[in-house]
Number of protein chains: 2
Amino acid sequence: MIETPDDTPSPSLSEADALPPSEQHAQQYAAVRNAHETELLEDYVELIGDLIAHQGEARSADIALRMGVSQATVSKMVGRLKSLGLVASKPYRSLFLTEEGEAMARMSRQRHAIVLQFLRALGVSDDTARIDAEGMEHHVSQETLDAMQRFTRLQSGEG
Amino acid sequence: MIETPDDTPSPSLSEADALPPSEQHAQQYAAVRNAHETELLEDYVELIGDLIAHQGEARSADIALRMGVSQATVSKMVGRLKSLGLVASKPYRSLFLTEEGEAMARMSRQRHAIVLQFLRALGVSDDTARIDAEGMEHHVSQETLDAMQRFTRLQSGEG
DNA sequence: CAATACAGTTAGCCTTTGCTAAGTTATTTA
DNA sequence: TAAATAACTTAGCAAAGGCTAACTGTATTG
């Protein structure tokens, strides 16, 4: 019985009807899982870059404070970033970004700024825009970023 | 030395200048971490609801296939969903949503649809919109959802 | 109705990302 | 410069979310 019918069984959904083919569906979820893996790394790298730019150096204690986690967690994470070649530092001293880390920080910052400006242009309040941008930025493709930029430019040009 | 200066030190950034106060910054990251905890649960619940709606029942094998994950992983996750009171089932039989699960599925589906339609209205291609919507939906506040709906309505009204 | 195939579960492993507590190094200051 | 404080690291723990392999139950079908 049941046998996965081919006809559309329930007429109750207004939109998003018809599931995508399994393979495509799986790829969507895979993309999300994938984004999750780099997300935190990017947040750390972006923050380290910002701290260096704004305060002259990036210290673990500041990172812990701003990320809202313990220093031990930062220490462990920094170890990972170093092993990935994104961050360099001597023990007990403050942190630097490698070339690769700088590149990642630049991209992250840019993406973050685009999403933030877009949300503001869309009419979202500043506080909310900040929070949502932080979560959204890692899940926005280049194509969507382009569309966001187009919209933001239009909006500020016409406003 | 260094002493975290109060004046704006580097004139190199075009936007997103000035870090937010540490506390606010920490809350932004906390919000993201928080979203991550419920994100997967919501994806499972949403998918289970969709499978029931479209195919009459939700089976672990289908979920595994669509999520792109092993059946063992699904089994473990379903255990978690049951312990959270979102899903009900007898061993070796297919899955059902509890009242609470239904409510979560409804909300997720609605949010997903709003984000998806919004991205399309913004001019993003269908494939990209699907992928980005899947990742973005869990990081979009009610305020932003409202703004997205407003835009989508405007767009389809004027188009 | 027995054999086979398919679906679901369990056990045991790994990695990531958090924590606290305890130890080490660096810096400040009395 | 010795003592106190602040910053960083290490060790050890837990929960989440993956995996494979082995096992148990359900359904199909010869």
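As the structure is a computational prediction, the values presented were derived from the model and not from experiment. Just so we're on the same page: letters track the sequence lines, and every chain starts at 1.
In terms of position on DNA chain D, the residue among B:L41 and A:S75 whose nearest nucleotide sits closer to the 5' end is A:S75. Positionally, the nearest nucleotide of DNA chain C for B:K82 lies more toward the 5' end than for the other of B:K82 and A:R93.
Regarding B:Y29, its OH atom lies at a distance of 16 Å from the C1' atom of C:dT17, rounded to whole Å. Taking atom CD1 of residue A:I63 and atom P of nucleotide D:dT9, one finds them 10 Å apart after rounding to whole Å. Separating the CD atom of B:E57 from the C1' atom of C:dA7 is a distance of 11 Å, rounded to the nearest angstrom. Whole-Å rounding puts the A:L65 CG to D:dA6 P distance at 14 Å. Computed from coordinates, the B:N34 CG to D:dA16 P distance equals 14 Å when rounded to whole Å. For the pair B:L95 CG and C:dG8 C1', the computed distance is 10 Å after rounding to whole Å. The CG-P distance, from A:L81 to C:dT15, rounds to 18 Å in whole Å. Rounded to whole Å, atom P of C:dT16 lies 17 Å from atom CG of A:D43.
Scanning all heavy atoms of the two residues, the minimum distance from B:G123 to A:E143 falls at O-OE2, 4.3 Å. Closest non-hydrogen pair, A:L19 versus B:R66, comes out as CB-NH2, 3.4 Å.
Aromatic pair B:H139/B:H36: centroids less than 6.0 angstrom apart.
The side chain of B:Q71 lies closest to C:dA7 when the candidates are C:dC19, C:dA7, D:dT9. When each of D:dG18, C:dT25, C:dC19 is scored by its nearest atom to the side-chain atoms of A:K76, the top-ranked nucleotide is C:dC19. The side chain of A:A61 has D:dA7 as its nearest neighbour among D:dA11, D:dA7, C:dG8. For A:Y44, taking side-chain heavy atoms from C-beta onward, the closest of the listed nucleotides D:dC8, C:dA21, C:dG18 is C:dG18. Residue A:Y92 places its side chain closer to C:dT24 than to any other of C:dT24, D:dT20, C:dG18.
The side chain of A:R80 places an N or O atom within less than 4.0 Å of a non-bridging phosphate oxygen (OP1 or OP2) of C:dT16. In terms of phosphate contacts, A:S70 brings a side-chain nitrogen or oxygen within less than 4.0 Å of OP1 or OP2 of C:dC19. For B:T73 and D:dG18, the shortest distance from a side-chain N or O to OP1 or OP2 is not below 4.0 Å. Not one side-chain nitrogen or oxygen of A:R33 sits closer than 4.0 Å to the OP1 or OP2 atom of C:dT16. In this model, the phosphate group of D:dT26 is not approached by any side-chain N or O of B:R59 to a distance below 4.0 Å at OP1 or OP2.
No single ILVMFWY cluster, assembled from side-chain heavy atoms under 4.5 Å apart, contains both A:I114 and A:L116. By the criterion of side-chain heavy atoms lying less than 4.5 angstrom apart, applied directly or through intervening Ile, Leu, Val, Met, Phe, Trp or Tyr residues, A:L40 is grouped together with A:V45 in one hydrophobic cluster.
Here B:V69 lies in heavy-atom contact (under 4.0 Å) with sugar-phosphate atoms only.
Side-chain polar atoms of B:Q117 and B:T152 form no donor-acceptor pair below 3.5 angstrom.
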